[in-house]
Amino acid sequence: MFDPRPAEDTPSEPCADGAERRAAQARREFNKLQKRLRRQVGNAIIDYDMIREGDKVMVCLSGGKDSYTMLEILRSLQRNAPVDFSLVAVNLDQKQPGFPEHVLPAYLDGIGVDYHILERDTYSVVKEKTPEGKTTCALCSRLRRGSLYGYAEEIGATKIALGHHREDILETLFLNLFFGGSLKSMPPKLLSDDGRNIVIRPLAYCREADIAEFSRRMDFPIIPCNLCGSQPNLQRQVVKEMLAEWEARHPGRLESMFKAVTNVAPSQLADRELFDFAGLEDRQAKMLADRIELHQQS
């Protein structure tokens, strides 16, 4: 695992000066990266009131770079947080063939994190119910979410933390726009439909590239997803490539688009449930009456 601690001041051979300088530079860059992720996660937690005093946060750990990073940053923030909260890591073992069951327990035991391995054979269900040539994502996601939501209640978790980052949120926005006919995405904080669970996304402000680099430096034991990761022509992958191309051509575009997600003007859209278009005439009449009254008083 990458060691971010400063090197001890010990005599070195002259020929090692170049290597030492590079190592020192690498440590400085890692420290800046770690601080940036801590700051962004901390800001998201504050902005959306994600974690409160006494919360038990169930960190959903898939074995991918995002969830490992989320757990590590939350552990880091927990040590200096102004509120007391606990963390418990939960991995859903979906019984995929060849899944390395030993990896996560060994890692979590090594860092001393409380954890549970939830075993549910959703893999067989997905394979049985999904027609040949169709993607498994929708059904897999529903089954996984249902299992995790129910388990959170069993262990008394007050919040469920998912590892979705900034690009995940933007990709979902465009997937819904292009293929779902709706203008919605993944909110940083969400109350489940049945009102039983609150879901938080502490990485909402974090760039995927930063998470990938942090994961590489930390040398997390990554577990690939054999169920959906190898599916060709996934629409999410197409949207991901589109966004990456936009960012390459116009640096800063993703930041601007994410800001738009947090800066919505309902009156400038067309959702009749979200904004009272039918009441505009009444509103206009009241504004004109108020203006006349003000003029008469003056």
Side-chain angles (χ1 to χ4, degrees), residues 1-47 50 59 61-82 87 89 103-104 106-113 161-171 188 201-225 229 240-241 243-259:
M1 182 177 291
F2 179 83
D3 187 355
R5 295 172 297 180
E8 297 181 358
D9 295 327
T10 54
S12 59
E13 297 296 328
C15 63
D17 285 350
E20 288 185 355
R21 282 197 298 270
R22 288 192 295 272
Q25 178 64 23
R27 284 193 291 272
R28 285 193 295 270
E29 291 176 356
F30 177 83
N31 287 335
K32 288 171 60 177
L33 173 61
Q34 188 175 42
K35 288 178 181 177
R36 182 162 63 250
L37 289 171
R38 278 173 51 97
R39 182 179 67 253
Q40 290 170 339
V41 171
N43 287 342
I45 290 173
I46 292 170
D47 289 350
M50 291 185 182
V59 181
L61 193 65
S62 66
K65 68 182 191 312
D66 305 328
S67 58
Y68 275 126
T69 297
M70 176 175 62
L71 175 61
E72 182 62 25
I73 298 299
L74 286 177
R75 290 178 66 229
S76 178
L77 291 173
Q78 184 186 35
R79 290 190 281 270
N80 301 306
L87 299 172
V103 171
L104 283 171
Y107 174 76
L108 294 168
D109 284 334
I111 62 175
V113 169
L162 303 180
H164 298 120
H165 47 68
R166 185 191 69 174
E167 278 83 344
D168 285 326
I169 292 172
L170 289 175
E171 288 162 18
R201 295 182 169 96
L203 300 181
Y205 291 170
C206 300
R207 297 169 59 244
E208 184 175 16
D210 283 346
I211 293 171
E213 179 62 13
F214 183 78
S215 177
R216 186 185 71 81
R217 294 289 191 96
M218 291 294 292
D219 195 24
F220 293 133
I222 302 297
I223 301 174
C225 177
K240 179 186 286 290
E241 292 170 0
L243 294 179
E245 182 180 351
W246 283 357
E247 182 67 13
R249 290 188 177 185
H250 307 281
R253 177 169 286 189
L254 295 191
E255 186 65 31
S256 178
M257 287 192 296
F258 184 79
K259 184 177 180 180

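Basis for what follows: all heavy atoms, side chains included, without hydrogens, waters or symmetry-related copies.
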- request: Would you please test E167 and L243 for side-chain contact (heavy atoms from CB on, under 4.5 Å) and show each step?
  value: CA-CA 8 Å; E167 278 83 344; L243 294 179; 5.7 Å; no
If you take all heavy atoms of [X] and [Y], which pair is closest and at what distance?
X    : Y    : answer
I222 : S215 : CD1-OG, 3.7 Å
N80  : R38  : ND2-NH2, 4.1 Å
G163 : D168 : O-OD2, 4.2 Å
E72  : F220 : CB-CZ, 4.2 Å
H165 : D66  : CD2-OD1, 3.4 Å
E247 : R253 : OE1-N, 3.2 Å

Are the charged groups of [X] and [Y] less than 4.0 angstrom apart, N to O?
X    : Y    : value
K32  : E29  : no
K65  : E208 : yes
E245 : R249 : yes

Taking atom [atom1] of [X] and atom [atom2] of [Y], what is their separation to the nearest 0.5 Å?
X    : Y    : atom1 : atom2 : value
R27  : Q34  : CZ    : CD    : 14.0 Å
N31  : R36  : CG    : CZ    : 11.5 Å
Y68  : D219 : OH    : CG    : 10.5 Å
H164 : R201 : NE2   : CZ    : 5.5 Å
L74  : I45  : CG    : CD1   : 5.5 Å

- prompt: Side chain of R217, backbone of A26: donor and acceptor closer than 3.5 Å?
  reply: yes
query: Is a donor on one side and an acceptor on the other found under 3.5 Å between the side chain of D109 and the backbone of A106?
result: no
task: List the steps and the verdict of side-chain hydrogen bond (donor to acceptor under 3.5 Å, both in side chains) for Q78 and R75.
output: CA-CA 5 Å; Q78 184 186 35; R75 290 178 66 229; 6.0 Å; no
Taking the side chain as every heavy atom from C-beta outward, state whether [X] and [Y] have any pair of such atoms under 4.5 Å apart.
X    : Y    : answer
I223 : S62  : no
L87  : V113 : no
L61  : L108 : yes

message: Let's go through R207 and E255 carefully: what are the C-alpha distance in whole Å and the side-chain angles of both, what is the deciding distance for salt bridge (Lys or Arg N to Asp or Glu O under 4.0 Å) to 0.1 Å, and is it a yes or a no?
response: CA-CA 9 Å; R207 297 169 59 244; E255 186 65 31; over 6 Å; no
- request: Would you mind telling me which of L33, I73, L203 makes a side chain to side chain contact (heavy atoms under 4.5 Å, CB included) with I211?
  value: L203
field: Aromatic ring pairing F258/Y205, orientation class (parallel under 30°, perpendicular over 60°, tilted between)
entry: perpendicular
message: Run C206 and V41 through side-chain contact (heavy atoms from CB on, under 4.5 Å) and show every step you take.
response: CA-CA 7 Å; C206 300; V41 171; 3.8 Å; yes
query: Among side-chain atoms of Q25 and R28, is any donor-acceptor pair under 3.5 angstrom?
result: yes
